[in-house]
Structure formats: structure tokens, C-alpha cells
Amino acid sequence: MSIYDTLNAEQKRAVEHDKGPLLILAGAGSGKTRVLTHRIAYLMENKGVNPWNILALTFTNKAAGEMRERVDNIVGYGSENIWVSTFHSTCVRILRRWIDVLGFDKGFTIYDSDDQKTLMREICKYLQIDTKNMKERSLLSVISSAKDELITPEEYELRAVGDFTKGKYAAVYKEYQKRLRANNALDFDDLICKTIELFQTSKEALAYYQRRFQYIMVDEYQDTNTAQFKLIKLLADGVNEEGLREHNLCVVGDDDQSIYKFRGANIFNILNFEKEYPQAKVIKLEQNYRSTKRILEAANEVIANNVGRKDKALWTDNAEGDVVHFTQFDRDSQEAECIVNEIAQAVQSEEASYQDFAILYRTNAQSRIFEEKLVVKNIPYKIIGSINFYARKEVKDLLSYLKTIGNGQDSLAVKRIINIPKRGIGLATIDKVEEYAIRNDISFYEALRQADYIPGLQRAAARISPFVSLIEILKSNISRPDYSISDLLDEIIEATGYIEDLKGQELENEDDRIEIIGELKSKIVAFEEAALEPPSLSDFLEEVALVSDIDNLTEDNNVVVLMTLHSAKGLEFPYVYLCGMEEGIFPSYMSIHADDPETEIEEERRLCYVGITRAMKRLSLSACSQRMLRGETQFNRPSRFIREIPRYLLTMEQNPYNSNPFRSNSHASLVPEFNSRLQPAGVAHSTNPAASSNRDMGSIFDKNKPFTQPPREFGGSNLGTIDYGIGDTVSHIKFGVGLVTNINNAGKDYEVTVDFGTTGTKKMLASFAKLKKLS
DNA sequence: GAATAATAATTTTTT
DNA sequence: ATTATTATTC
């Protein structure tokens with residue numbers, strides 16, 4: 001009896017394949033990680049492959065860590081020598097060693113999307129681009145797509161000839177790359193592109209890694225972009241000791257779970273793998289070990305609506321299981337409250353524990369309301385993603401100090417902290433320094449050091465020099481042998497008086513902010529303790545840039561987890577709540593109204609498939625008729641994906657708050673209170689005329705309504721009117737109490753004129769103003 | 001020239 | 001609702 005006997009026939013074939021390209025099409029829950037780890041073990045144990053020669057690429061650090069751990073459990077030795085890491089970490093590791101070939105310094109900084117945006121803002125200002133027409137975000141995405149396709153700024157320029165807009169893009173792209181280099185910084189895409197550039201520039205570097213990585217494995221292959229594929233191809237093109245090109249490349253993926261097209265994922269990497277490698281062997285894993293029959297069938301039915309997929313039929317030996325639950329709520333607050341109550345009850349009755357539950361949604365913004373309800377119920381939870389810890393102001397400030405000390409060329413970081421805490425250095429001074437830096441072709445920080453020689457900076461120069469000395473002193477500490485990053489952080493906080501400054505600002509959430517600084521400190525300490533040898537500052541900054549929230553999700557925490565559908569890929573939970581199943585939310589408004597809705601909706605559908613297939617035992621779907629989004633009330637119809645699940649697999653659950661407020665659950669006491677909060681106050685929103693126009697967004701379903709449930713009314717039935725008229729007294733959230741002096745019918749909305757007395761007379765649209773009638 | 005108050009703008013998904 | 005930018009005050 002060997003460990004390989006637990007594998008099914010197809011899995012076994014995949015595991016025992018040793019030489020040559022291999023494509024594993026692995027459906028959801030078909031044990032693909034198991035196959036990968038067993039294959040690594042098999043190669044080591046039975047084929048005498050040196051773990052040193054194995055490279056396994058994943059997309060998240062979590063997946064990488066898990067893979068290493070699982071190999072360790074099987075083999076018991078040598079797993080630390082396998083190179084298992086994410087694409088991005090792999091590239092950083094290579095570049096830290098070789099990037100000087102490309103003219104960068106080895107201490108380069110990695111820019112996250114916030115940094116990118118800041119840089120782009122500067123560029124738009126510099127190139128006098130009107131950001132009303134060309135948004136920073138869209139410019140960045142143009143650049144990102146170019147990089148994904150390995151198009152250089154020069155090439156982009158060539159292709160742009162004669163096209164004004166593209167010409168502009170080319171200029172921005174060029175300037176962006178120029179500034180990254182000047183700051184000795186790389187963005188995420190650069191990590192991949194520069195590694196390829198390195199391999200094309202240095203035969204020595206390429207040969208070294210080709211020789212080392214004799215066996216390459218790629219997880220989530222459907223998410224690779226053109227650049228990543230090129231990188232894999234370059235590495236897999238090496239020769240072995242006998243001078244043979246074996247292409248020992250094993251890729252695992254599922255075209256139905258390709259959900260990163262927006263990030264450049266190229267579906268043809270998986271669809272055309274056999275064309276690229278004609279000798280490739282293809283193995284399909286179609287047995288699902290995760291979900292019940294009903295859940296799997298629901299998933300299959302939904303995904304069957306997509307065209308142009310690789311043919312496959314996922315099946316399972318698991319039990320029939322519970323039907324899929326669908327509940328339609330009136331409001332998002334009900335949805336959240338109800339789901340949270342259900343979880344509390346299940347845990348109370350010891351049917352399950354907190355960690356068995358996941359709440360999944362399309363956008364991060366949806367997490368807020370759940371958090372609210374979970375706190376009230378005292379349920380332990382973890383939200384993955386939403387407000388990234390490293391995006392907090394305090395953290396960014398302190399990290400910028402670290403970056404400034406580690407890489408003085410990173411002007412973005414220097415500019416961020418030069419006046420934090422306030423040193424009396426304002427915009428005008430910064431502009432002058434910047435101008436001097438550009439004129440003399442030096443970095444911003446270098447210009448600060450020469451502040452005394454900058455014309456027009458008499459008084460300001462005196463304010464700059466203490467800052468420069470501070471950084472210089474902190475810098476000199478790094479060279480001490482006993483130096484640690486956490487000491488450095490302490491010194492920064494101490495020397496700048498950062499915490500005192502924070503306290504002086506009299507912010508209401510002062511304690512939270514100080515706590516966050518403490519959290520940063522413990523993260524640094526933990527990082528230093530986990531490292532085998534004392535890590536360098538750039539090691540830590542790299543960790544910060546490349547470790548995502550999901551990576552820290554561990555199973556030993558008994559908490560309910562909340563995350564986006566994207567983050568949930570690769571995970572599984574006994575009980576899954578898929579909420580916000582509404583047209584405009586999921587599928588998203590963006591996809592419905594895209595230039596090419598068919599394609600975009602298909603991606604959303606794959607995302608839905610991913611969501612459904614996370615569930616092992618029970619799947620609960622829900623939608624709300626009314627939802628608050630960015631301070632506005634939206635009215636959405638249930639998602640088309642609900643309709644795609646056959647009725648016999650679904651139960652339509654009654655909204656417990658509506659049908660029977662005294663339902664026999666232990667939380668019945670909450671209900672009357674809830675309703676009273678909901679009814680009169682909410683009427684102002686639900687009766688505004690824009691509501692009916694928003695509603696039409698989902699009207700494609702009017703002709704073909706999938707629901708037998710009688711349509712319920714919200715609050716009152718006077719939708720499309722407003723409950724105040726000329727001469728009425730109304731209150732506005734910001735302007736206070738005023739008198740309605742005029743109402744005009746402005747198409748789908750009403751333009752209301754209100755006299756707020758001393759505040760003045762304002763004209764506003766009824767749908768946005770949220771006026772409340774006072775009588 | 002800098003600090004502060006007021007106003008405009010923004011969010012789909014992520015390494 | 002939160003954050004970046006602009007207008008205003010000191």
C-alpha cells in the first residue's frame with residue numbers, strides 16, 4: 001500500500017507522468033493540488049529527481065505555502081529545497097540577484113497600486129493631461145495591458161503612429177517607465193517583464209535558471225498572461241545534462257475558472273497549450289470530491305451557458321445533499337442580519353462551527369454591512385481584502401520612512417513623509433526642490449541634501465536640513481550589526497514624534513490608529529522571528545508588497561470568513577453564502593454595459609461557477625430588492641445566474657422578515673424593532689422617482705420572470721412619486737431644514753428647489769438629495 | 001507660504 | 001463614506 005493508491009486512475013496517470021509537457025485540466029474540487037503535490041513527491045521518491053531542480057509556480061503565497069507543507073508531509077525530507085513560490089516572488093528573487101544587468105540597483109522598491117496612482121498623477125500634471133478625459137486608472141490599465149502583452153514603450157509608440165489617443169498613451173507610458181527607473185522602482189507587471197528582459201539580455205542568467213529548473217509546475221494555469229507564459233516557456237526551454245530539450249512542464253488549470261481576464265489572463269494559454277507543445281499529454285480530472293450532487297449540478301447548469309469551453313463533465317460520488325437555497329430579501333440589511341442569525345443558530349445548536357462558514361460577495365464594499373451585524377452578534381469573523389492593512393495611512397507613512405531609508409531614490413516615499421509630521425514644508429517648497437532635481441538630473445532626496453544651493457529657498461532650506469539629518473542618522477544605524485527592523489521602526493516613531501503628532505490631531509479614532517502602528521510593529525517582529533537569518537530592510541518591504549491578505553488565512557482560527565468571489569478561488573467551505581445575487585451587482589453593472597457584454601458576462605458566469613463550487617455541504621444564495629451603494633439606494637432584479645439553476649435544485653425561501661415576523665426562531669424579538677426602523681424613515685428613498693428608472697436596468701427579465709413568488713412592495717406602493725410638494729418643510733442631511741419653493745419634472749427625476757434660509761437656496765435632484773418631509 | 005476648511009470625485013474583481 | 005483637490009484664511 002503506497003500513498004499513490006489513494007489516487008483515482010486519472011490522478012495516478014498525472015502523478016506518474018515524468019518527462020515532457022503535460023496539461024492537466026482539473027475541474028473544481030477534483031484534487032488538483034493533491035495531484036501536484038503527489039507528483040512532486042513521486043518525482044523525488046521514484047524518479048530520483050533532485051528537489052533543487054523543481055520549480056512550482058502559484059498565484060498566491062498561500063497556495064505556495066500549502067503546497068510546500070503538503071509535499072513535506074508526504075516526503076518528509078528535502079521539500080525546503082523545492083522552489084515553490086508565486087510568479088511575482090520568484091521574479092523578485094531572481095531580480096534581486098541580477099537586476100544590475102538592466103541598470104537598476106538591487107535594492108529596488110516595488111510599487112503597489114496606490115504608488116502607481118500617485119506616480120501617474122504626477123505624470124498627468126507634468127504632461128498636462130486633463131484627467132477628466134483620461135483617468136489615471138485607465139492610463140494605468142492601458143500600460144498594464146501593454147506590459148502583459150510584452151509591448152515596450154518604444155513599440156507602443158511605433159504602433160501608435162497616426163492615432164492621437166494612442167500617441168498620448170505612448171507618451172505617458174514612456175514617462176511612467178522613465179520615472180520608475182529614476183525612482184529605482186518596479187511595479188507588479190515589471191517584475192515579470194524585467195525578468196524576461198533579463199533572460200533576453202543575459203544568456204548567463206537564463207542558462208543558470210534553465211539548468212536549475214528541470215521540472216516546472218504551474219498552478220492555476222488559466223490565469224497566466226502572455227508575459228507569464230513567455231517566462232515559463234523561456235525557463236522550460238533549457239536542456240538537461242544530456243543536452244536534450246525535454247520541456248518537463250506540467251500545467252494545471254480549469255478554463256471554467258478563468259476569472260482574471262481583466263488582469264490580462266490569456267485564456268489561449270490553456271486552450272492552445274497543445275498547439276504550442278504538440279507532444280503534450282492531456283489529462284482530464286473530472287471527478288469532484290468536494291461538493292454534493294445537487295451543488296455540483298447547479299454549478300454545471302450555470303456554466304453550461306458559456307460557449308467556447310473545453311469539453312468536460314464534472315461528476316461526483318458524493319451524497320445527493322441538501323437543495324440549494326435561494327432567498328430574496330427586501331434590503332441588504334435584512335440579508336446580512338438573516339445570514340448572520342442563521343450562522344449563529346447553526347453554531348449554537350452545534351451543527352457546525354464558525355470556520356465552516358464563508359460569506360462571499362462580488363465587491364468588497366458589500367462586506368461592511370455584514371461586519372456590522374457580526375459585531376452586534378459577537379461572532380468572530382475575518383474579512384479578507386477589503387481595507388488592506390498596508391493601505392492604512394499610518395502604515396503607509398511609516399513604511400515610507402522605511403522605504404526612504406532603504407532606497408533614497410524612491411522619490412514617492414520621500415515626498416509622502418517630508419511634511420509628516422508637519423515641518424513647515426509646503427507645496428511651493430516641494431515644487432522648487434523637484435524642479436532643481438529635474439534640472440540637475442538627481443533624485444528628489446539628493447536635491448533635499450543640497451537644499452542650501454537651491455535658489456529661492458532661504459527659510460525653507462532651514463526646515464529641510466533637520467529632515468535630511470534625521471534620515472541620515474537613521475540610515476547610518478542600518479549598518480550596525482545588531483540592528484533590527486523593529487528597532488528602526490521604534491527609532492523612527494521616537495525621532496519623528498509620530499504618535500504624539502497623531503494624538504495632537506484630535507482625531508476621533510486615535511486609539512485605532514495607534515493600535516494599527518502596534519500591529520505593524522508586531523508584523524515586523526513576527527517577520528524577523530520567522531526568518532532563518534536576519535532579514536534586510538528590502539526583504540521586509542518586499543514581503544509587504546507581495547503578501548496579500550488571503551495568504552494569512554489559516555485554518556486554526558475558528559472564525560467566519562468574508563471575502564470576494566475572486567479571493568475565494570482555491571478554497572472550500574462546508575457552508576457557503578453567495579449574497580448579492582442581483583443584476584448590476586453580479587453580474588456587475590460594468591459587465592452588462594461593456595462594449596462586449598457577451599464575453600464579459602461569460603467571465604462573470606465563471607466567477608459564479610467558482611463561487612458555487614466552493615460549497616461542500618450547503619449553498620445559500622440571496623438577493624435584495626433594495627440596496628445601499630455609495631450612499632445611494634439601488635433597486636435590482638435577481639441575477640440571471642439564479643435563473644440558470646434549474647428550479648428542481650432550488651428552494652425559494654420566504655423572506656423571514658416579511659412573511660412571518662414571529663417565525664419560531666430564537667431571534668424573533670429582533671423583528672418588530674427592525675421593521676419599525678425600516679418603514680417610515682426609509683420611505684423617502686423608496687418613493688423617489690429615480691428609483692423606478694434604476695429599476696429598469698434589470699428589465700430584461702420582465703418578459704421572462706423566473707419567480708413564482710408574488711412581487712412584494714417596498715414600504716409603500718407609491719413608487720415613482722415624492723411625498724412632499726411646494727410649500728412643504730423638508731430636511732436635508734447636510735443643509736438642514738428648508739422650505740420647498742419649486743419642483744420641476746426633469747425627465748426621469750424631479751428637480752427640487754429648497755430654501756434653506758441662511759444656508760441659501762439650493763436646486764437638487766430628488767433622487768440624490770434624500771429629502772425628508774417634516775410635517 | 002503653509003494650514004485649514006470646503007468641495008469634488010470615486011469603486012469591480014488583484015499579484 | 002472616504003479621500004484628493006481647491007479655495008480661503010492665517
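All figures in this text were calculated on a predicted structure; none of them were measured in a lab. So you know, we letter chains A, B, ... as the sequences are listed, proteins then strands, and number each from 1.
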Study note, to complete from the structure: Note: for A/Ser591 and A/Arg423 on DNA chain B, the residue whose nearest nucleotide lies more 5' is A/Arg423

Study note, to complete from the structure: Atom NZ of A/Lys261 and atom C1' of B/dT14 are separated, to the nearest Å, by 16 Å

Exercise for review: Could you work out which one of B/dT15, B/dA3, B/dT14 sits closest to the side chain of A/His566?
Suggested key: B/dT14

**Study point:** A/Asp254: salt bridge (Lys or Arg N to Asp or Glu O under 4.0 Å) partners, not counting sequence neighbours
**Key:** A/Lys312

Review point. Base, sugar-phosphate, or nothing: which does A/Asp189 touch, judged by heavy atoms less than 4.0 Å apart?
Key: nothing

Check your understanding: Between atom CD in A/Glu600 and atom P in B/dT13, what is the gap in whole Å?
Key -> 14 Å

Exercise for review: Kindly write out the residues that satisfy side-chain contact (heavy atoms from CB on, under 4.5 Å) with A/Cys124, not counting sequence neighbours, or none if the list is empty.
Suggested key: A/Met120, A/Ile129, A/Thr131, A/Glu136, A/Leu139

Check your understanding: Is the distance from OP1 or OP2 of B/dT14 to the nearest side-chain N or O of A/Ser567 less than 4.0 Å?
Key -> yes

Point to revise | Side chain of A/Lys135 - closest among B/dT10, B/dT4, B/dT15 | key: B/dT10

**Study point:** Presence of salt bridge, A/Glu582 and A/Arg627, under 4.0 angstrom
**Key:** yes

Review point. Got more than 12 heavy atoms from elsewhere within 6.0 Å of CZ, A/Arg309?
Key: yes

Practice item. Could you tell me how the ring of A/Phe87 sits relative to the ring of A/Phe59: parallel (under 30°), tilted (30 to 60°) or perpendicular (over 60°)? Key: tilted

Study note, to complete from the structure: Between CD1 of A/Ile601 and P of B/dT13 the distance, given in whole Å, is 17 Å

Practice item. Looking at every strand, decide which applies to A/Lys432 at a 4.0 Å heavy-atom threshold: base, sugar-phosphate, or nothing. Key: sugar-phosphate

Review point. Roughly how many Å is it from NE2 in A/His88 to C1' in B/dT15, rounded to a whole number?
Key: 4 Å

Revision key, fill the gap. When rounded to whole Å, the CD1 to C1' distance for the pair A/Ile259 and B/dT15 reads 13 Å

Exercise for review: Answer yes or no: does a side-chain N or O of A/Ser588 lie under 4.0 Å from OP1 or OP2 of B/dT13?
Suggested key: no

Exercise for review: Using a cut-off of strictly less than 4.0 Å, decide whether A/Asn419 has a side-chain nitrogen or oxygen near OP1 or OP2 of B/dA3.
Suggested key: yes

Point to revise | side-chain contact (heavy atoms from CB on, under 4.5 Å) partners of A/Glu644, counting only residues at least two apart | key: A/Val302, A/Asn305, A/Arg605, A/Arg640, A/Phe641

**Study point:** Distance, rounded to the nearest Å, where A/Lys117 contributes NZ and C/dT2 contributes P
**Key:** 17 Å

Check your understanding: Contact class for A/Thr429 vs. all strands (heavy atom < 4.0 Å): base, sugar-phosphate, or nothing?
Key -> sugar-phosphate

Review point. With respect to the side chain of A/Ala428, which nucleotide from B/dA2, B/dT11, B/dA3 is positioned closest?
Key: B/dA2

Exercise for review: Grab the CD-C1' distance between A/Glu394 and C/dT2 for me, whole Å please.
Suggested key: 14 Å

Check your understanding: With sequence neighbours excluded, what pairs up with A/Thr599 under the side-chain contact (heavy atoms from CB on, under 4.5 Å) test?
Key -> A/Lys261, A/Asp596

Practice item. Measure the distance from CD on A/Gln222 to P on B/dT15 and round it to the nearest whole Å. Key: 15 Å

Point to revise | side-chain N/O A/Arg137 vs B/dT11 OP1/OP2, d < 4.0 Å | key: yes

Exercise for review: Determine the contact category for A/Phe262: base if any of its heavy atoms lies under 4.0 Å from a base atom, sugar-phosphate if only primed atoms, P, OP1 or OP2 are that close, otherwise nothing.
Suggested key: base

Check your understanding: Touch check for A/Phe87, heavy atoms < 4.0 angstrom, all strands: base, sugar-phosphate only, or nothing?
Key -> nothing

Review point. B/dT13 phosphate, OP1 or OP2: any side-chain N/O from A/Asn364 under 4.0 angstrom?
Key: yes

Review point. Starting at the 5' end of DNA chain B, which residue's closest nucleotide do you reach first, A/Gly426 or A/Arg263?
Key: A/Gly426

Exercise for review: Output the single nucleotide from C/dA1, B/dT10, B/dT14 whose closest atom is nearest the side chain of A/Arg368.
Suggested key: C/dA1

Practice item. Tell me, please, which residues at least two apart from A/Ala413 pass side-chain contact (heavy atoms from CB on, under 4.5 Å). Key: A/Ser400, A/Lys403, A/Thr404, A/Asp410

Exercise for review: For the residue pair A/Phe199 and A/Tyr209, categorise the inter-ring angle as parallel (less than 30°), tilted (30 to 60°) or perpendicular (more than 60°).
Suggested key: tilted

Short N/O separations, protein against nucleotides 4-7 of chain C, under 3.5 angstrom:
residue: C/dT5; atom: OP1; partner: A/Arg121; partner atom: NE; Å: 3.0

